[in-house]
Amino acid sequence: MKCEKRKRYNLIKWISGVFFLAFFNCFFSCKSVPSEPEKEIKLSREILGTGKLNAGQLADFFLMNNQQVEKEFILRFAEYYIQEAAMENINSDVAFAQMCLETGFLRFGGLVQADFHNYCGLGAMDAEHPGERFETEQLGVRAHIQHLQAYATTQEVQLNNPLIDPRYNWVHKTKLVTDIFGLTGTWATDPNYGNKIDEILSRMEKINDIGLK
């Protein structure tokens, strides 16, 4: 009888040891595996090219800065930027970031008003010249993209959409820049203009993959 008890005791002890060893190995092996670092998206500062962020990502970034706008609207608005930019080989990330700067994330408040559908300050100079007006949101986005295309290309590069930017031809004859920093002193007199767009793009890079697919 004592022999049987001793055998059962040793068997239980052996099984407990096996389970403990398995748990010990699992615990420390799991702890030792480093978590994969979150990948940060690197966005181009060039005006020409293809943007990396999708409409959901652009909308999510926008709503981090202005929650008063309906998500359905800003998703559609972001799609306009991606579609219109693709038509003219313009970097949609740069164009969207510039829009955020120019409009204060669509809060406006300056010369240009929301119903102008003017998202880049086109023609805004003073009270008598508060800025150009466009009939719809999409046409306003198109005018912005065309104005960027005028800055970043020579006259030999033709538009794919019908011209609606009233200042397009003047820019083509007088300006030529390749990146956001070249917009300082050309698009705007603010000596930090390019750096301000750069700062917005840097914040956009940190959203990673939180946007809708």
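Positions are given from 1, in the same order as the sequence printed here.
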Out of curiosity, [X] [atom1] to [Y] [atom2], how far, rounded to the nearest 0.5 Å?
| X | Y | atom1 | atom2 | answer |
| --- | --- | --- | --- | --- |
| Glu102 | His144 | CD | NE2 | 7.0 Å |
| Ile180 | Glu199 | CD1 | CD | 10.5 Å |
| Leu176 | Tyr151 | CG | OH | 11.5 Å |
| Leu43 | Met204 | CG | CE | 6.0 Å |
| Leu63 | Leu58 | CG | CG | 11.0 Å |
| Cys100 | Asn66 | SG | CG | 9.5 Å |

Item to check | Mutual orientation of the aromatic rings belonging to Phe62 and Phe96 [parallel < 30°, tilted 30-60°, perpendicular > 60°] | outcome: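 If you compare the ring of Phe62 with that of Phe96, the planes turn out perpendicular.
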
Next on the checklist: Check the orientation of Phe105 and Phe61. Use parallel for under 30°, tilted for 30 to 60°, and perpendicular for over 60°.
Outcome noted: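 Geometry flag for Phe61 against Phe105: tilted rings.
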
Would [X] and [Y] pass as an ion pair if we require N to O under 4.0 Å?
| X | Y | value |
| --- | --- | --- |
| Arg142 | Asp165 | no |
| Glu137 | Arg76 | yes |
| Glu205 | Arg45 | yes |

Give a yes or no answer on whether the side chain of [X] reaches the backbone of [Y] with a donor-acceptor pair at less than 3.5 Å.
| X | Y | result |
| --- | --- | --- |
| Asn192 | Lys196 | no |
| Asp93 | Lys52 | yes |
| Thr189 | Gly185 | no |

Next on the checklist: Please evaluate residues Thr50 and Asn91 with respect to the criterion side chain to side chain contact (heavy atoms under 4.5 Å, CB included), reporting the C-alpha separation (whole Å), side-chain torsions for both, the decisive distance (0.1 Å), and the verdict.
Outcome noted: CA-CA 5 Å; Thr50 304; Asn91 183 339; over 6 Å; no

Checklist entry - Counting only heavy atoms not in Glu70, do more than 12 sit closer than 6.0 Å to its CD atom? => result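 For Glu70, atom CD is not crowded (no more than 12 foreign heavy atoms under 6.0 Å).
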
[X] side chain near [Y] side chain, heavy-atom distance below 4.5 Å:
| X | Y | answer |
| --- | --- | --- |
| His117 | Glu135 | no |
| Ile74 | Leu106 | yes |
| Thr186 | Val171 | no |
| Phe134 | Pro166 | yes |
| Tyr81 | Ile145 | yes |
| Ile200 | Arg203 | yes |
| Gln83 | Val141 | no |
| Trp187 | His147 | yes |

Item to check | Tyr119 ring center near Phe77 ring center (under 6.0 Å) | outcome: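 Aromatic pair counts; centres sit under 6.0 Å.
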
Would a single hydrophobic cluster contain both [Y] and [X], if residues Ile, Leu, Val, Met, Phe, Trp and Tyr are joined by side-chain heavy-atom contacts under 4.5 Å?
| X | Y | result |
| --- | --- | --- |
| Tyr168 | Leu139 | no |
| Met99 | Met64 | yes |
| Leu163 | Leu148 | no |
| Val157 | Val177 | no |
| Ile41 | Ile197 | yes |

Item to check | Verdict with reasoning, Thr103 to Arg107, per side chain to side chain contact (heavy atoms under 4.5 Å, CB included) | outcome: CA-CA 6 Å; Thr103 67; Arg107 292 185 180 91; over 6 Å; no

Checklist entry - For residues Gln146 and Glu88, is any side-chain donor paired with an opposing acceptor at under 3.5 Å? => result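 No.
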
Checklist entry - Among side-chain atoms of Glu156 and Thr154, is any donor-acceptor pair under 3.5 angstrom? => result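 Yes, Thr154 and Glu156 have a side-chain donor paired with an acceptor closer than 3.5 Å.
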
Item to check | From CA spacing to verdict: side chain to side chain contact (heavy atoms under 4.5 Å, CB included), Thr184, Asp190 | outcome: CA-CA 6 Å; Thr184 301; Asp190 182 354; over 6 Å; no

Checklist entry - Tyr193 and Leu101: side chain to side chain contact (heavy atoms under 4.5 Å, CB included), yes or no, with the steps? => result CA-CA 9 Å; Tyr193 189 77; Leu101 174 62; 3.8 Å; yes

Item to check | Non-hydrogen atoms of Gly51 and Ser92 that approach each other most closely | outcome: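 Scanning both residues, the minimum pair turns out to be CA-OG, 3.5 Å.
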
Next on the checklist: Please find the pair of heavy atoms, one from Val94 and one from Ser44, that lie closest to each other, and give the distance.
Outcome noted: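 Where Val94 meets Ser44 most closely, the heavy atoms are CG2-O, 3.6 Å.
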
